[in-house]
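First up is the structure itself, then whatever we jot down about it.
Residue numbers count from 1 along this sequence.
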Amino acid sequence: YTYAFQNGLYLENFVSGYMSEKRFKHTCSVAKLAREFAVANGIDGKKAYIAGMLHDIAKEMDKKQEAIDILKEYDQEHIIRLLEKLDSKKQEELIEQIQKIDFHQMLELYNNTKRKIEFKESKIEPLKYLDKAKLTEQQHEKFDKLGAKVVENGQYAVVTMAGGQGTRLGHPGPKGTFKLDVYGKGKYLFEILVDNLKEAKQKYGVTIPWYIMTSKENHDETVDFLEKNNYFGYDKKYVTIFTQSELPLIDEQGKLLIGKDLKIKEASDGNGGTYSSLRASGCLADMKKRGIKWVFIGSVDNALLKMVDVTLLGMAIDQNVQIASKSVVKANPHEKVGVFCKMNGHPKVIEYTELPEKMAEEVDENGELKYGESHIMCNLYTIDAIEKISKEILMYHSAHKKNSYIDENGKEVVPTEPNSYKFESFIFDAFEFFDDIAILRGKREDDFAPVKNKEGVDSPKTAKELYEKFWNC
């Protein structure tokens with residue numbers, strides 16, 4: 001071995017195993033140039049060549065060793081074994097991914113899956129709201145005028161969360177590319193949102209900046225779809241598409257899953273990741289550059305979503321709050337939806353599992369549910385609120401799910417039962433960073449036609465009926 005090394009035998013094979021293809025090409029060029037200079041100056045060309053070949057070898061050896069050390073520290077030896085089997089290009093990709101993962105955070109999240117959630121003693125109170133249907137003519141006029149002024153001045157932007165797939169609908173692509181069977185020929189969910197923006201342009205005389213958040217899984221397909229359909233006639237210069245951040249998937253023993261691409265398998269980190277993704281992608285900076293003051297965030301799968309509701313906007317301005325939301329009243333006291341409340345003096349959406357039965361059934365002096373305002377993913381923020389939240393760390397919730405993975409023999413395992421954890425933050429968890437929120441109660445038949453299930457409640461059939469009924473009125 002010593003003889004081979006000293007004489008440069010098999011040197012290229014040895015060196016290429018410790019660095020990326022790009023760095024290896026650079027190294028070979030340096031080694032040849034070193035030999036040429038050496039020979040021209042009467043120095044041993046072979047030694048100069050060997051020195052040139054070895055001059056950069058430690059750079060990526062250090063990165064690889066750092067990755068191995070991290071994996072050992074966090075008991076992820078199965079990834080070390082995978083790393084050793086990969087070619088240099090794949091090794092480089094996996095090492096780069098390992099360097100970006102917060103392994104301490106992943107350990108904490110995994111440990112939390114084994115702890116029973118305990119709700120501390122909390123003071124829960126109803127949250128005040130205004131009912132849009134019961135506003136006086138003067139209130140309507142005042143709110144609409146305040147909201148319209150912001151939109152007309154080009155200070156309003158909308159964000160669509162579109163990272164989901166249409167799997168539950170039996171649709172193979174991104175959910176926004178699902179076609180709802182309305183009026184015979186149908187409309188895509190993205191198309192329905194564009195109709196919303198076109199209507200606002202016609203009414204207020206401005207083109208509203210539209211930011212679309214995709215996932216790594218559906219980003220390319222979403223961009224291709226919108227390009228192919230020419231953004232349904234919306235000005236492309238006002239459309240920005242960015243991807244949501246992700247977190248690794250982890251199995252029941254705390255081991256990170258490996259995907260088909262031979263990398264650590266990751267999934268979107270929940271709709272609460274919207275805030276930090278806006279910041280990381282540069283979209284928040286772009287909004288500021290455009291002079292945006294208010295930002296609406298909604299989901300792609302509500303066929304009756306009003307992205308430009310000047311009444312909601314004007315109400316928020318009038319109440320001098322940084323965040324606002326539209327709600328619809330619960331169908332019944334025990335409907336399985338999150339509801340608005342105040343907890344320990346801060347606005348919050350409380351899950352139905354956290355709300356005691358007695359409180360769920362409580363009514364006010366008008367006979368209405370005290371905790372009856374459902375969160376329908378129809379949220380409004382000042383730009384300063386978005387910036388503030390984007391710097392905070394939201395709580396993560398774990399979901400026990402089925403996820404396929406590649407085992408140590410390189411075979412894909414497709415589980416029949418939940419086998420791993422996905423970690424998500426929720427968009428409404430950010431409400432707790434503020435002292436107050438403005439709530440405008442809308443109507444289900446006007447504001448909420450979700451497309452979530454293939455059949456039954458919140459299905460394409462129910463959304464079609466609500467959509468056609470609303471637009472035929």
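Between Lys326 and Glu373 no salt bridge is recorded (no basic side-chain N to carboxylate O distance below 4.0 Å). Of the charged side-chain nitrogens involved, at least one lies within less than 4.0 Å of a carboxylate oxygen, so that Lys100 and Glu96 count as a salt-bridged pair. A salt bridge does not link Glu125 to Lys342: none of the charged side-chain nitrogens sits closer than 4.0 Å to a carboxylate oxygen. Under the 4.0 Å criterion applied to side-chain N and carboxylate O atoms, Glu387 and Arg279 are assigned as salt-bridge partners. Salt bridge status for Lys236 with Glu227: present, with a side-chain N to carboxylate O gap under 4.0 Å.
Identified under the salt bridge (charged side-chain N to carboxylate O under 4.0 Å, His left out) test for residues 238-256, with sequence neighbours left out: Asp75-Lys255, Lys216-Glu246. Annotation: salt bridge (charged side-chain N to carboxylate O under 4.0 Å, His left out) contacts involving residues 193-213, sequence neighbours excluded, comprise Lys187-Asp195. Identified under the ring-ring contact (aromatic ring centres under 6.0 Å, His included) test for residues 322-345, with sequence neighbours left out: Phe340-His375. For residues 148-181, the set of pairs meeting the ring-ring contact (aromatic ring centres under 6.0 Å, His included) definition, not counting sequence neighbours, comprises His171-Phe178.
Qualifying side chain to side chain donor-acceptor pair (under 3.5 Å) partners for Ser268, counting only residues two or more places apart in sequence or in other chains: none. Applying the side chain to side chain donor-acceptor pair (under 3.5 Å) rule to Asp318 yields the partners Lys142; only residues at least two apart in sequence or on another chain are considered.
Contact check for Leu262 versus Leu86: side-chain heavy atoms found under the 4.5 Å cut-off. In this structure, the side chains of Tyr396 and Asn112 stay at 4.5 Å or more apart for every pair of heavy atoms. Arg290 places a side-chain heavy atom less than 4.5 Å from the side chain of Tyr238.
Heavy atoms from other residues, nucleotides or ligands lying under 6.0 Å from NE2 of His140 number more than 12. Counting non-hydrogen atoms of other residues, nucleotides and ligands closer than 6.0 Å to CD of Glu412 gives a total above 12.
Under a cutoff of 6.0 Å and an axis angle of 45°, Lys306 and Phe470 form a cation-pi pair.
In this structure, Gln322 contributes its side chain and Phe434 its backbone to no donor-acceptor pair below 3.5 Å.
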